[in-house]
Amino acid sequence: MLSFSIIGTKANPYLKNAFDNYVKNGGLARAKSALANEVKNKLINDIKKAVKK
């Protein structure tokens with residue numbers, strides 16, 4: 001088992017800045033929307049296949 005402490009550990013500032021920019025510029029919102037659409041389409045297709053059987 002791995003054992004370590006994260007107390008006092010700071011996020012890498014480059015990663016934090018990149019993530020903050022990703023969120024600020026709408027990248028996260030677009031990714032969530034795209035994922036929701038993909039899941040919706042897959043679900044609809046699976047339901048249609050189940051109804052046809």
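FYI, side chains are in, hydrogens and waters are out, and symmetry mates aren't considered; it's all heavy atoms of this structure.
Under the 4.5 angstrom side-chain criterion for Ile, Leu, Val, Met, Phe, Trp and Tyr, the cluster partners of Tyr22 are Phe19, Val23, Leu28. Hydrophobic cluster of Val39: the remaining members, joined at side-chain heavy-atom separations below 4.5 Å, are Leu35, listed by chain and number. Other residues sharing a hydrophobic cluster with Ile47 under the 4.5 Å side-chain heavy-atom criterion for ILVMFWY residues are Leu43, Val51.
Under the 3.5 Å distance criterion, the side-chain polar atoms of Asn12 are matched with a main-chain donor or acceptor of Tyr14.
Between Lys32 atom NZ and Asn37 atom CG the span is 13.0 Å, to the nearest 0.5 Å. Expressed to the nearest 0.5 Å, how far CD1 of Ile44 lies from NZ of Lys40 amounts to 5.5 Å. In this structure, NZ on Lys24 lies 9.5 Å from CG on Asn17, to the nearest 0.5 angstrom.
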